[in-house]
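For the numbers below, each heavy atom of this structure counts, side chains included, while hydrogens, waters and symmetry mates do not. Given the structure is predicted, the values throughout are model-derived calculations rather than measurements.
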Amino acid sequence: MLARVLLYLAQAFLRLRRIADRADKTSAYLDRHYLFGNATSRWFLALHRIHKSDADMHLHSHPWPYLACQLSGAMYEVTACGVHKRRPGYLRWRSRSSLHRLILPAGEVWSLFLGGPRSGSWGFNV
């Protein structure tokens, strides 16, 4: 139910940036609905609708530090310390150098995502 409400509000009122799957460029990996800021802003706040697991088997870092609050759906976050089940309400702060990978076992995940100042690019632990 919450996911349907979030989708309606995001589609009705927010700017959308669709991010393609890294392996299958024709399908969506994530929809980023901006509440404020955008991809080039120093800070941005967005609703993330994650459609599927990370295609890459390697852990990755983001080009910015971030704070995320999971709103709906369940996922596993793989880090250097192991595999952790994440549920709605989970709040995470990650530095620019933190590595992880997401696995969605059953459907999409929504989160509120605050991205900080960009420094560098995406990193992959290959």
Side-chain angles (χ1 to χ4, degrees):
M1 178 65 174
L2 177 60
R4 284 196 301 227
V5 171
L6 290 170
L7 179 59
Y8 171 77
L9 293 172
Q11 289 176 333
F13 301 108
L14 303 176
R15 291 167 291 146
L16 168 65
R17 178 174 181 220
R18 175 154 286 160
I19 298 167
D21 186 290
R22 286 177 45 86
D24 174 13
K25 302 286 187 198
T26 63
S27 67
Y29 163 69
L30 177 140
D31 288 342
R32 182 175 289 151
H33 300 273
Y34 290 102
L35 292 156
F36 73 79
N38 58 41
T40 61
S41 299
R42 183 164 171 82
W43 291 88
F44 68 90
L45 181 65
L47 277 174
H48 274 179
R49 180 185 183 195
I50 306 167
H51 296 282
K52 58 172 85 172
S53 301
D54 288 336
D56 210 321
M57 295 306 292
H58 304 291
L59 302 181
H60 69 270
S61 64
H62 292 238
W64 49 74
Y66 66 92
L67 176 68
C69 179
Q70 191 167 327
L71 302 174
S72 73
M75 67 179 182
Y76 294 95
E77 183 178 25
V78 181
T79 68
C81 297
V83 179
H84 313 277
K85 186 162 189 173
R86 307 300 191 204
R87 297 173 193 248
Y90 180 71
L91 186 65
R92 66 188 168 277
W93 164 257
R94 298 288 184 265
S95 71
R96 156 74 185 94
S97 59
S98 295
L99 294 166
H100 77 149
R101 180 164 104 46
L102 304 180
I103 300 170
L104 280 62
E108 63 191 30
V109 170
W110 283 83
S111 66
L112 187 61
F113 188 95
L114 176 65
R118 186 179 195 105
S119 61
S121 60
W122 293 89
F124 291 88
N125 190 16
V126 179

note = Applying side-chain contact (heavy atoms from CB on, under 4.5 Å) to Leu16 and not counting sequence neighbours gives Asp31, His33

request  = Mark yes or no for whether Thr79, through its side chain, and His100, through its backbone, hold a donor-acceptor pair below 3.5 Å.
outcome  = no

message = Run Tyr29 and Ile50 through side-chain contact (heavy atoms from CB on, under 4.5 Å) and show every step you take.
response = CA-CA 6 Å; Tyr29 163 69; Ile50 306 167; 4.1 Å; yes

request  = Go through the structure and list residues passing side-chain contact (heavy atoms from CB on, under 4.5 Å) with Pro117, not counting sequence neighbours.
outcome  = Arg42, Trp43, Pro65

request  = For residues Arg96 and Ser61, report the shortest heavy-atom separation together with the two atoms involved.
outcome  = NH1-OG, 3.1 Å

query = Cluster question for you: counting only ILVMFWY and a side-chain heavy-atom cut-off of under 4.5 Å, with indirect links fine, are Leu71 and Trp93 together?
reply = yes

task = Find out whether Ser27 and His51 are in side-chain contact, i.e. whether some heavy atom of one side chain is under 4.5 Å from a heavy atom of the other.
result = no

query = Do Leu102 and Val109 come close enough that some side-chain heavy atom pair is under 4.5 Å?
reply = no

Spacing of Arg17 atom CZ and His48 atom NE2 [to the nearest 0.5 Å] = 9.0 Å

ask   = Given the rule in the ring-ring contact (aromatic ring centres under 6.0 Å, His included) test, do His58 and His60 qualify, once you have shown the distances and angles that lead to the verdict?
value = CA-CA 6 Å; His58 304 291; His60 69 270; over 10 Å; no

ask   = When rounded to the nearest 0.5 angstrom, what distance separates CG in Leu104 from CE in Met75?
value = 7.0 Å

ask   = Residues in ring-ring contact (aromatic ring centres under 6.0 Å, His included) with Tyr34, at least two apart?
value = Phe44

ask   = About how many Å separate NE2 of His62 and OG of Ser95, when rounded to the nearest 0.5 Å?
value = 10.5 Å

request  = Report the distance from atom CG of Leu114 to atom OH of Tyr66, rounding to the nearest 0.5 Å.
outcome  = 12.0 Å

key: Value rounded to 0.5 Å, distance of CZ in Arg32 from CZ in Arg15   = 12.0 Å

ask   = Between atom OH of Tyr90 and atom OG of Ser111, what is the distance when rounded to the nearest 0.5 Å?
value = 12.0 Å

request  = Determine whether Leu91 and Leu45 fall in the same hydrophobic cluster, where Ile, Leu, Val, Met, Phe, Trp and Tyr are linked whenever their side-chain heavy atoms lie under 4.5 Å apart.
outcome  = yes

key: Path from Phe36 to Leu67 over hydrophobic side-chain contacts below 4.5 Å   = yes

remark   = Heavy atoms of Ala74 and Pro105 approach each other most closely as O-CD, 3.6 Å

inquiry  = Tell me every residue that passes salt bridge (charged side-chain N to carboxylate O under 4.0 Å, His left out) with Arg101, counting only those two or more places apart in sequence or in another chain.
reply    = none

ask   = Any link between Leu59 and Val83 through a network of hydrophobic side chains (Ile, Leu, Val, Met, Phe, Trp, Tyr) touching at under 4.5 Å?
value = yes

query = Is Trp64 linked to Leu30 within one hydrophobic cluster, defined over Ile, Leu, Val, Met, Phe, Trp and Tyr using a side-chain heavy-atom separation of less than 4.5 Å?
reply = no

query = By salt bridge (charged side-chain N to carboxylate O under 4.0 Å, His left out), which residues pair with Glu77, not counting sequence neighbours?
reply = Arg86, Arg94

inquiry  = Under the rule for side-chain contact (heavy atoms from CB on, under 4.5 Å), what residues qualify as partners of Ser41, not counting sequence neighbours?
reply    = Asn38

